[in-house]
Amino acid sequence: MESKSHIDNDLSDSELLRYSRQIMLPQFGFEAQKKLLGSRVLLIGIGGLGSISSMYLVAAGVGHIVISDDDVVEITNLQRQIIYNTDEINQKKVQVAKNRLQKINPNIQISIFDQKLEGELLSQEVSLADIVIDGTDNYKSRFEINKQCVMSKTALVSAATIRFEGQLTVFNVTDNSPCYSCLYQDTMDESQTCAENGVLSAVPGVFGSLQAVEAIKFLAEVGNVLDGELLIVDNLMNEFRKIKLKKDMDCLVCGQK
Ligand SMILES: [Zn+2]
């Protein structure tokens, strides 16, 4: 006999149809879909990466997505942040994004913060999330988000793009996984941003999609997430490579002090 919790989690007919093309995958199936529907994702920053990852997460059936961003839509965003439309310039990104995402999938719970998540609020939202997706574009935020993820043992999908290049990894998957601070020093040069260096339109789309794929696999417990490895892609030359990452035992954030 099925347990009560199993019955409570059964998928409706419309859910079975909506998600049928991934439920039919032998590696995925009903159980993975139910896990996804029971998951909560925190997406920090909804720019080039986040506008893509959020649409796929909502379409795929992540049950609850929490999004924070304090920006408004600007004309320079539209070349790559394709969740926004031209007639939405000067509107709050999180509000515009919520409306769009809710149209893609009305059954998903979407919570928004029209502000930078910092301090207590950041700590609280990271703790509540099953996984965090970093969609920010500056080192200060990335270090702060990483610190909170390490403290609450929450996995962190990290990506960055610039010019024609991008990189991707998942930090804090297990106690033995490296964290962002194992890889980067807290003295990074803030001038390495899209605003300063430019980025080709579709490159954040590639990495936003990869962030969604990693988050979905992690939440649904299928396949292998990119734990302890960094994927580096040069889209100009079509060069893809992976390098091994090691936890730094002397890391000031996650190391044994
Ligand atoms: Zn570390």
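Computed over heavy atoms, backbone and side chain alike; hydrogens, waters and symmetry mates excluded.
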Heavy-atom neighbours of L183 CG exceed 12 at 6.0 Å: yes

Step through the shown structure and confirm whether more than 12 heavy atoms of other residues, nucleotides or ligands are within 6.0 Å of CE on M237. no

Greater than 12 external heavy atoms within 6.0 Å of K217's NZ: yes

So if I apply the side chain to side chain contact (heavy atoms under 4.5 Å, CB included) rule between R142 and each of I44, L156, D134, which one comes out positive? D134

Taking T136's backbone N and O only, do any of them form a donor-acceptor pair with S141's side chain (distance below 3.5 Å, no angle check)? no

Do the side chain of T169 and the main chain of L226 share a donor and acceptor less than 3.5 angstrom apart? yes

With under 30° as parallel and over 60° as perpendicular, where do the rings of F143 and Y180 fit, or are they tilted in between? perpendicular

When you compare the side chain of M55 with that of S53, does any pair of heavy atoms fall below 4.5 Å? no

Considering only heavy atoms from C-beta outward, does the side chain of I83 approach that of K93 to under 4.5 Å? no

Under 3.5 Å, is there a donor on one side chain and an acceptor on the other for H64 and S39? no

Judged by atom type as modelled, is there a donor-acceptor pair below 3.5 Å linking the side chain of N77 to the main-chain atoms of E74? yes

Under a 4.5 Å cut-off applied to non-hydrogen side-chain atoms, are L36 and F28 in contact? yes

Determine whether more than 12 heavy atoms belonging to other residues, nucleotides or ligands lie under 6.0 Å from atom CG of D13. no

So L219 and I131, do their side chains get closer than 4.5 Å, heavy atoms only? yes

So do the side chains of Q211 and L49 get within less than 4.5 Å of each other, counting heavy atoms only? yes

Would you say the side chain of L200 lies within less than 4.5 Å of the side chain of R80, judging by non-hydrogen atoms? no

Within a strict 4.5 Å, meaning less than it, do heavy atoms of the I46 and Y84 side chains meet? yes

Flag side-chain contact, heavy atom, 4.5 Å: I243 against I232: yes

Hey, are E229 and K246 close enough for a salt bridge, meaning a charged N less than 4.0 Å from a carboxylate O? no

Quick test of your reading of the model: are D114 and K92 salt-bridged, counting only N-O distances below 4.0 Å? yes

Evaluate the criterion salt bridge (Lys or Arg N to Asp or Glu O under 4.0 Å) for residue pair E144 and K116; output intermediate values, then yes/no. CA-CA 11 Å; E144 194 49 44; K116 273 201 164 66; over 6 Å; no

